[in-house]
Structures are given as structure tokens and as C-alpha cells.
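Order of listing sets the numbers, starting from 1, for every ligand and every atom in it.
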Amino acid sequence: QIRGSRDDHGVLLRSVLIGPFSCPAKHSKCNDTVFPYECMCILYFFEKIHFLLLTLSSTIHPSSFREMVECFTQIAEDPDCRVVVVSGAGDVFTAGIDLMDMASEVLQPEGDDMARTSWNMRRIIAKYQETFSVIERCPKPVVVAVQGACVGGGVDLITACDIRLCTQDAWFQVKEVDIGLAADVGTLQRLPKVIGSRSLVNELALTARKMYADEAKESGLVSRVFPDKEAMLAGALEMAGEIAGRSPVAVQGTKVNLIYSRDHSVAEGLNYMATWNMSMLQTEDVMKSAAASMEKKSPKTITFSKL
Ligand SMILES: CCC/C=C/C=C/C(=O)SCCNC(=O)CCNC(=O)[C@H](O)C(C)(C)COP(=O)(O)OP(=O)(O)OC[C@H]1O[C@@H](n2cnc3c(N)ncnc32)[C@H](O)[C@@H]1OP(=O)(O)O
């Protein structure tokens, strides 16, 4: 159980971990015994479509950092999972790093002298960076659904996801300058690739001002805004179903190549794509999908082999 829930809905802000995470969202099919994480629960949908709903606690703990890596490493290798939806458990998506934990783990690296202390600090930061890089490296698309506040580490998290949705009451804050540090686990590297305006990125990161849902949509941070959390989750799960119903060879190849292209020149991207598809085009999924298209059937009617 987790102590410190703020209200009946299980909003978890000042949290103390004393055991496995009991999902505050209370999904009817919750199966948190499969992955006994402390900071997230997992709900599998095993029907025609294969995707996974991850529900996170509302602050980011040292265990969240470790568990995200474990969880996404498993997801990447799990042929039953084709898409992931990440959501928050309470009224806020996340309040960012747990400031109580931060004081102990992050700000007090061990070491006999400055070199060793710095070395250890670097390792801690690199470990924390891995938490969100592992989402980006996972070949399965990740849809993230944000309600209420998305603060600090939350922005690091969502910029590593592939599709961002939010509710009308959502707001986003690159909060790190307010707590005396330059954001160091992904926001400064990924947000400029997500939002077209460099000036807006600079403004958000340097002033820590809140950006609300309408501006997030206008700037390209999110692609859709929903009236409330319920509608957003329904939209996210429907979208996950659309993706999961398509060829996993096509879907995962698309994610991997989109990310590669983002970080390389057009010529390099095309070269990588040709090498990728010289093997991936040799899949039965192409013939199956093309035949369904000729017959005006949805790709969702096809049974694709696991990948
Ligand atoms: C190498 C390190 C890499 C990682 C870096 C990450 C950096 C960051 O994430 S920076 C951002 C840190 N987070 C914050 O500064 C959060 C600030 N909190 C808020 O803005 C608000 O609490 C929030 C908008 C999330 C919710 O507001 P609301 O009015 O609904 O609730 P509050 O009354 O403010 O809070 C309720 C209790 O929760 C405690 N709390 C809030 N945030 C945190 C947090 N991040 N860590 C620990 N505790 C938190 C807050 O103090 C209240 O506690 P209590 O007074 O005991 O009720």
C-alpha cells in the first residue's frame, strides 16, 4: 500500500512507498500481480487487439525511475504487446519528481573527493535519463494521456512518448529552473524537436510558466484535447486499438524510422529506411494488408503474427 493519498480518488502527491502499488484508478481488470511495481499498475487487454495501459502514481520516485526501465524493457520484448497507453492515477498527471526523495537520493551522491562525487552524480543523472529514453527506444508506440498538472519530470516523460493527448484542464510546466536546476533528463533535448517554435521552448524552459491545453495543442505539444479524463482515456484506448490492429511490422518500423529521421539528415534517414525495409518488406503482412485494402476491409480484420 501507499501512504499519503490526498483524497478518495487516490491522488498521490506526498507519497511514502511501503509496499506494492495498489492501483488507485481501480480498473476493473487490473492485474498488478503480473508486474508487482510500486509506482505503476498494468492493465492488459487480451482480445483481438493487444495493448497495455500503464497507470502511474502522481509523483516520480527513485523506484519509478527503476520500474519504468524494467517495465519498458519487458514491453519492448513482449510480442503480445503492440501499443502502450500511459496515464496518471489521480487528478494530476504528475507533480514531477518527489521533492522529498530528491533531497536524499539526487542531491547527496557519495564520493571521497570532488572527482568521485561528480562521477557518481553523473551516473545518477544518466540512470535517471534512461527512465525516459527507454520509452523512446521501445519499438512499440506509446500514447500518453495527461490530465491536470504535468510538471517537471512529467514533461521529460511525455516528450519521450510518441503521441500526446490531454484534457481541457491540463497544463504543462518545465518547472526545473524554479527549483534551481537545468532540466537534465530529456526536456531540453526533446521539447525543441516536438514544438516548432524554438522561442516558445526557450520561454517555457527559462521562465517555468505554465502552458495550458489550448496553447499546448496550438504549439504541437499535444495532438488532441478532450473535455475530461474519462473522454481522454476512451480516446486513448480507441487510438491504441487502431494502432494495435495494424501490422506490427509496419507500426514498429514506422516508429523506429520516425525517431531515426528526427535525429538525422534526410539522406541518412532514407538510407536507414532502405536498409530497414530490405528485410521488413519481406513480410506476409504486406500481402495480407494489400489484399484487405483491395477488398475494402479494415486492416483490423486481419490476424497478424506476433512480433
Ligand atoms: C536527476 C533528477 C532528474 C529529475 C528532475 C525532475 C525535476 C522535477 O520534476 S521539477 C518539479 C518538481 N515538482 C514540483 O515542484 C511540484 C510542485 N507541486 C505543484 O505544483 C502542486 O503541488 C501541484 C500542481 C502538482 C498540485 O497542486 P494542488 O494544489 O492540487 O496540491 P498541493 O496542495 O500543492 O499539494 C498536495 C500535497 O502534495 C505535496 N506535493 C506536491 N508536489 C510534490 C512533489 N513534487 N514532491 C513531494 N510532494 C509534493 C504538497 O507539498 C502537498 O503536501 P501536504 O502539504 O503535505 O498536503
Side-chain angles (χ1 to χ4, degrees), residues 2-18 21 24 38-40 56-69 86-111 117-136 144-161 166-191 201 204-213 216 228-229:
I2 296 170
R3 254 191 297 131
S5 298
R6 190 164 60 97
D7 59 23
D8 293 343
H9 305 296
V11 176
L12 183 65
L13 290 173
R14 174 70 58 77
S15 50
V16 180
L17 294 173
I18 52 173
F21 180 46
E38 290 177 327
C39 296
M40 52 178 104
L56 308 179
S57 63
S58 304
T59 49
I60 302 171
H61 309 263
S63 15
S64 320
F65 286 102
R66 179 176 42 75
E67 289 177 359
M68 289 284 274
V69 174
V86 175
S87 69
D91 293 342
V92 300
F93 176 72
T94 179
I97 197 166
D98 192 304
L99 296 171
M100 311 300 280
D101 286 335
M102 186 177 164
S104 55
E105 155 120 0
V106 182
L107 298 181
Q108 293 175 358
E110 292 178 356
T117 307
S118 301
W119 194 265
N120 287 333
M121 179 65 109
R122 191 180 201 290
R123 287 173 57 186
I124 291 170
I125 297 166
K127 183 183 79 175
Y128 281 27
Q129 289 174 343
E130 181 62 9
T131 311
F132 305 123
S133 296
V134 76
I135 299 175
E136 189 174 84
V144 65
V146 177
Q147 78 285 356
C150 176
V151 182
V155 180
D156 296 291
L157 189 160
I158 65 164
T159 52
C161 298
C166 76
T167 53
Q168 192 62 57
D169 75 348
W171 52 269
F172 303 84
Q173 189 175 25
V174 184
K175 178 81 172 165
E176 281 82 346
V177 287
D178 276 356
I179 60 164
L181 58 108
D184 53 3
V185 290
T187 291
L188 301 187
Q189 291 67 41
R190 295 192 177 99
L191 192 59
V201 172
L204 294 171
L206 293 169
T207 67
R209 87 157 161 87
K210 295 177 183 175
M211 179 161 78
Y212 291 90
D228 54 41
K229 187 176 172 184

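- Side-chain atoms of T167 and D228 form no donor-acceptor pair, as typed in the model, at a separation below 3.5 Å.
- Counting atoms of ligand 1 from 1 in the listed order, those under 4.0 Å from a heavy atom of I179 are 10 (S).
- Nearest to atom 13 (N) of ligand 1 by heavy atom, out of G152, A95, G96, is A95.
- Some N or O of G153 is nearer than 3.5 Å to an N or O of ligand 1, by distance alone.
- A donor-acceptor pair shorter than 3.5 Å cannot be found between the side chains of S118 and R123.
- Annotation for ligand 1: atoms under 4.0 Å from non-hydrogen atoms of V185 are 3 (C).
- Under the 4.5 Å side-chain criterion, counting only non-hydrogen atoms from C-beta, L204 is not in contact with F172.
- The N/O atoms of L99, backbone and side chain alike, include one that comes under 3.5 Å of an N/O atom in ligand 1.
- The contact set between ligand 1 and K175, taken as ligand atoms under 4.0 Å from a residue heavy atom, comprises 11 (C), 15 (O).
- Heavy-atom separations between W171 and ligand 1 include at least one value shorter than 4.0 Å.
- Across the listed options T131, I97, I125, I60, I97 owns the non-hydrogen atom lying nearest to atom 5 (C) of ligand 1.
- Here the side chain of K229 pairs a donor or acceptor atom with the backbone of G90 at under 3.5 angstrom.
- Listed by number with element, the atoms of ligand 1 under 4.0 Å from a non-hydrogen atom of D184 are 1 (C), 2 (C), 3 (C).
- No side-chain heavy atom of V92 sits less than 4.5 Å from a side-chain heavy atom of Q147.
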